[in-house]
Structures are given as C-alpha cells and as structure tokens.
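Heavy atoms only: backbone and side chains are in, while hydrogens, waters and symmetry mates are out. All values reported here derive from a predicted model rather than from experimental measurement.
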Number of protein chains: 2
Amino acid sequence: MGSPLPRDPIAEARQNWERHGWGDVAAPMAAITAIMRTQQILLGRIETVLKPFGLTFARYELLTLLSFARSGALPMNKASALLQVHPTSVTNAVDRLEQAGLVARSPHPTDGRTTLIELTSGGRTMAKRATAALNAEVFGKSGFADDDVEHLLRVLGNFRKAAGDFTD
Amino acid sequence: MGSPLPRDPIAEARQNWERHGWGDVAAPMAAITAIMRTQQILLGRIETVLKPFGLTFARYELLTLLSFARSGALPMNKASALLQVHPTSVTNAVDRLEQAGLVARSPHPTDGRTTLIELTSGGRTMAKRATAALNAEVFGKSGFADDDVEHLLRVLGNFRKAAGDFTD
DNA sequence: TCCATACCCTTGGAAGTCCTAGTATATTGC
DNA sequence: GCAATATACTAGGACTTCCAAGGGTATGGA
C-alpha cells in the first residue's frame with residue numbers, strides 16, 4: 001500500500017508528543033501505536049493467505065474453533081465468548097460459512113433458545129488446509145525471534161489478564 | 001462483551017496446536033493471536049474515550065497528523081502514506097471530518113490533481129482536547145511497565161522495519 | 001400456575017477497511 | 001507538441017465490527 005517511508009512514523013509521533021510536553025506518556029503512546037500497526041500488517045498477511053480458500057480471518061477462526069471442539073459442535077454464544085467478539089459477528093460469519101457449505105446450524109436438543117453450529121466434512125477439510133497454509137506462510141515466518149515470542153506472550157498475557165479477558 | 005473466561009483462550013489454542021503436531025509454530029501463532037487481541041482491547045478503550053468528542057480513532061489520527069504538520073495542511077496522498085492506510089480510507093475520514101467542520105479541503109496551488117486538507121480552528125481545538133483525554137485515560141494507564149514498553153518498541157520496531165514500513 | 005426477568009439469536013443501521021474501476025491532471029519520451 | 005504513461009482522488013461494492021432493538025425461550029419467585 002505504499003513504499004517504505006524514509007523515517008519511522010511512530011518514532012516521529014513520539015518525538016512530537018515529547019515536543020508538546022507530553023513526554024510522560026509518549027513511550028506508551030508509541031508502543032500502543034506500534035501494536036496497532038503490527039496487527040494491521042499481520043492481518044494483511046493472514047488475509048492474503050486465506051483469500052485463495054475463500055476465507056476471511058473471522059471465518060477461519062470460527063472454523064478452527066469448531067475443529068477443536070470435542071463434540072464437533074458449539075452453541076453460538078460459546079463461540080462468541082471464546083472468540084471474544086460480538087454475537088452479531090458470529091451470526092454474520094456463520095451465515096457465510098453456512099452458504100459455503102462449511103458449517104451447519106442445528107437446534108439445541110434441550111434449550112430452544114440456543115443454536116448449535118457444527119462443521120461439515122467439507123468444513124473440516126477446509127480448516128486443515130487453511131491451517132497448514134497459515135502455519136507455513138505466516139506463523140512459521142513471523143520474523144520474531146524465539147526470545148521475543150516468549151517475551152510478547154508474557155507481556156501481552158499479563159495485559160489481557162489485567163483487562164479482564166480471563167481469570168485463570 | 002462477556003465476563004472473564006476461566007482459562008486463557010490463547011493458551012488453549014497453543015496447546016491445541018501442539019497436540020496436532022504443529023508445535024514448531026505454536027508459540028508464534030499464540031504471540032500473533034495475542035497481538036490481535038491486545039489491539040482489539042486497546043482500540044476499544046480508545047474509541048470509548050473518543051466517543052464523547054464525536055470522533056473515531058481513524059478520524060482522530062488524521063486530525064492529530066494535521067495538527068503536527070508545519071504548514072497545517074497536507075496533501076491527501078501524504079496523509080495516506082503517513083497513516084499507512086488506503087487512500088479511500090482517507091477520503092472517507094476527510095468526508096466526515098469536513099461535515100463536522102473540523103477540516104477543509106482546498107486545491108493544491110500548483111498540482112491540479114492534488115487536494116490539500118487543512119485543520120479548521122475548531123479542528124485544532126478538538127485535536128488538543130481529544131489528545132488530552134487519550135493521554136489521561138489510555139496512554140497514561142496502559143498497564144505496561146516501563147521496561148515492557150521499551151521492549152515492545154524495540155521488537156515491534158524491528159518487525160515493522162522488516163515488513164517494509166520504513167527504511168530509516 | 002403465571003408473570004417478570006434473564007438469556008439467545010437475528011435484523012437493520014452506522015462505521016471502518018480494502019479492492020476495482022473511473023476521471024482528471026502531470027510528466028515523460030518521441 | 002502530442003501521445004503514452006503515471007499519479008491523485010473519488011465512486012461503488014464487499015467485508016467485518018459494533019450497537020440498538022425485537023421476538024422467542026427458560027427460569028424463578030409469588
């Protein structure tokens with residue numbers, strides 16, 4: 001989306017913050033902006049790999065979650081909670097995956113309010129193939145050193161816990 | 001959007017990866033997923049703070065970028081490059097900021113293809129206020145220790161550079 | 001038992017992102 | 001000087017996200 005810039009725009013933002021007397025929060029501002037940008041880059045790579053499969057990241061995540069479910073099926077509200085997205089986003093993703101024949105909706109046996117989503121065999125195959133591609137093209141080539149990966153997991157794990165993601 | 005989960009869903013995903021024989025990429029997969037989720041949390045906090053100002057993060061970033069421009073005006077393509085978003089996203093943001101009276105479009109004096117965007121006085125005031133709020137409510141309370149901030153800046157800076165964001 | 005409350009999912013709307021294509025203006029090469 | 005190429009912005013469409021609101025189903029207390 002553009003050739004490399006001559007200077008790091010986030011480093012420049014940090015300097016601007018300091019120049020305006022906000023030096024006390026300039027560093028965390030820069031770190032947060034860097035997280036935003038890194039996410040953008042990673043999401044772009046992921047979507048590029050998934051595009052040939054007709055998948056987006058949101059749909060891939062749901063597919064993978066289902067592939068790990070013991071019974072092969074999950075209530076929609078469970079999926080929403082585990083993926084940490086709004087229930088309407090799950091509705092949307094399921095609509096499209098269902099149209100593509102990768103998942104199926106079925107009524108919950110005892111709770112009439114609940115809808116179960118289940119992988120079709122095609123969906124299971126698709127999940128395997130897409131995961132193999134992502135492992136090879138993105139996760140296996142992240143560019144992060146092993147030490148940095150562990151450090152990221154620790155720091156971001158603490159952050160997510162403090163933000164109330166999980167109690168553990 | 002949901003109460004805390006009993007277990008960290010990303011740690012669980014990592015275990016699932018390992019169980020399926022993808023142990024060699026399980027750690028970077030988890031780190032990348034953690035970056036995604038952290039970005040989601042941070043963006044949520046930012047948007048909550050900006051909402052009373054009638055701003056979204058995309059519009060705030062543009063407003064702030066303009067407030068740091070020497071001349072107070074920038075060509076749209078420059079803004080697109082510095083914010084590292086698609087040109088159509090800038091068009092969209094400018095449309096709405098213009099409707100709100102915070103920026104104005106003007107033709108470039110010598111290049112007929114180019115449109116300049118300029119802060120209005122109201123836009124300048126808004127940028128100051130919104131930045132003060134974000135500094136107080138988000139950047140000043142990030143929850144990251146100083147050491148972790150420096151580490152994040154280094155690791156993510158290397159990543160962004162390797163991804164071609166800047167040459168420096 | 002029955003009504004109020006809580007929960008689950010879906011619809012419709014607003015916002016952001018990107019892509020593709022189209023129009024207008026510059027620049028470059030012959 | 002003029003045609004071919006490159007650049008700048010915008011229009012329309014697909015996608016995701018969230019919020020607000022609504023209809024259907026469970027559950028629990030009077």
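Contact annotation: A/Arg96 reaches the phosphate of D/dT16 (side-chain N/O to OP1 or OP2, under 4.0 Å). Side-chain N/O atoms of B/His86 include one lying less than 4.0 angstrom from OP1 or OP2 on C/dC19. Using a 4.0 Å cut-off, some side-chain N or O of B/Thr56 falls inside it from OP1 or OP2 of C/dG16.
Of all the residues in residues 58-68 of chain B, not one reaches under 4.0 Å from DNA chain D with any non-hydrogen atom.
Although no hydrogens or angles enter the test, the distance criterion places no donor-acceptor pair under 3.5 Å between the side chain of A/Thr115 and the main chain of A/Pro107. Side-chain atoms of B/Gln40 come within 3.5 Å of backbone N or O of A/Gln84 as a donor-acceptor pair.
Every pair passing salt bridge (Lys or Arg N to Asp or Glu O under 4.0 Å) that includes a residue from residues 23-49 of chain B is listed here, sequence neighbours excluded: A/Asp165-B/Arg37. Sorted by first and then second residue, the side chain to side chain donor-acceptor pair (under 3.5 Å) pairs involving residues 87-97 of chain B (not counting sequence neighbours) are B/His86-B/Thr88, B/Asn92-B/Arg96, B/Asp95-B/Arg105. Residue pairs satisfying the salt bridge (Lys or Arg N to Asp or Glu O under 4.0 Å) criterion with at least one member in residues 127-145 of chain A, sequence neighbours excluded, are listed as follows: A/Glu137-A/Lys141. For residues 134-163 of chain A, the set of pairs meeting the ring pair (Phe, Tyr, Trp, His ring centres under 6.0 Å) definition, not counting sequence neighbours, comprises A/Phe144-B/Phe159, A/His151-B/His151, A/Phe159-B/Phe144.
Listed by chain and residue number, A/Arg14 satisfy the salt bridge (charged side-chain N to carboxylate O under 4.0 Å, His left out) test with B/Glu150 (two or more places apart in sequence, or in another chain). With sequence neighbours excluded, the residues forming a side-chain contact (heavy atoms from CB on, under 4.5 Å) with A/Asn16 are A/Arg19, B/Phe68, listed by chain and number. A/Asn77 pairs by the side-chain contact (heavy atoms from CB on, under 4.5 Å) definition with A/Pro75, not counting sequence neighbours. With sequence neighbours left out, the salt bridge (charged side-chain N to carboxylate O under 4.0 Å, His left out) criterion links A/Arg113 to A/Asp111. Residues satisfying the side-chain hydrogen bond (donor to acceptor under 3.5 Å, both in side chains) criterion with A/Ser121, sequence neighbours excluded, are absent altogether.
Between A/Leu43 atom CG and C/dG16 atom C1' there is a gap of 13 Å when expressed in whole angstrom units. As rounded to whole Å, 16 Å separates atom P of D/dT17 from atom CD1 of B/Ile41. Across the protein-nucleic acid pair, B/Gln40 atom CD and D/dT17 atom C1' stand 9 Å apart, rounded to whole Å. A/Ile117 places its CD1 atom 9 Å from the P atom of C/dT10, with the value rounded to the nearest Å. As a whole-Å value, the separation of B/Leu50 CG from C/dA15 C1' is 14 Å. One interatomic measurement links the two molecules: CG of A/Leu55 to C1' of D/dA14, which rounds to 16 Å at whole-angstrom precision. Spacing between atom CE of B/Met36 and atom C1' of D/dT17 amounts to 15 Å, rounded to whole angstrom units. Look at CZ on A/Phe57: it is 17 Å from P on C/dC18, rounded to the nearest Å.
Computed from C1' positions of five pairs at each end, the angle between the two local axes of the helix from C/dT1-D/dA30 to C/dC30-D/dG1 equals 10°, rounded to 10 degrees.
Among the heavy atoms of the strands, none lies under 4.0 Å from B/Thr48.
Each of A/Thr110 and A/Val90 lies near DNA chain D, and the nucleotide nearest A/Val90 is the one positioned closer to the 5' end. Annotation: of the two residues near DNA chain D, A/Glu47 and A/Gly112, the 5′-most nearest-nucleotide partner is A/Glu47.
Taking only distance into account, the side chain of A/Thr88 meets the base of D/dC19 through a donor-acceptor pair shorter than 3.5 Å.
In the set C/dT11, C/dC18, D/dT17, C/dT11 carries the atom at the smallest distance from any side-chain atom of A/Asp95.
Remark: A/Ile32 CD1 to B/Ile41 CD1 distance equals 11.5 Å, nearest 0.5 Å.
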Response to the item:
Going 5' to 3' through nucleotides 3-9 of chain C and flagging B where a protein heavy-atom sits under 4.0 Å of the base, S where only the sugar-phosphate is that close, and - otherwise, we get ----BSS
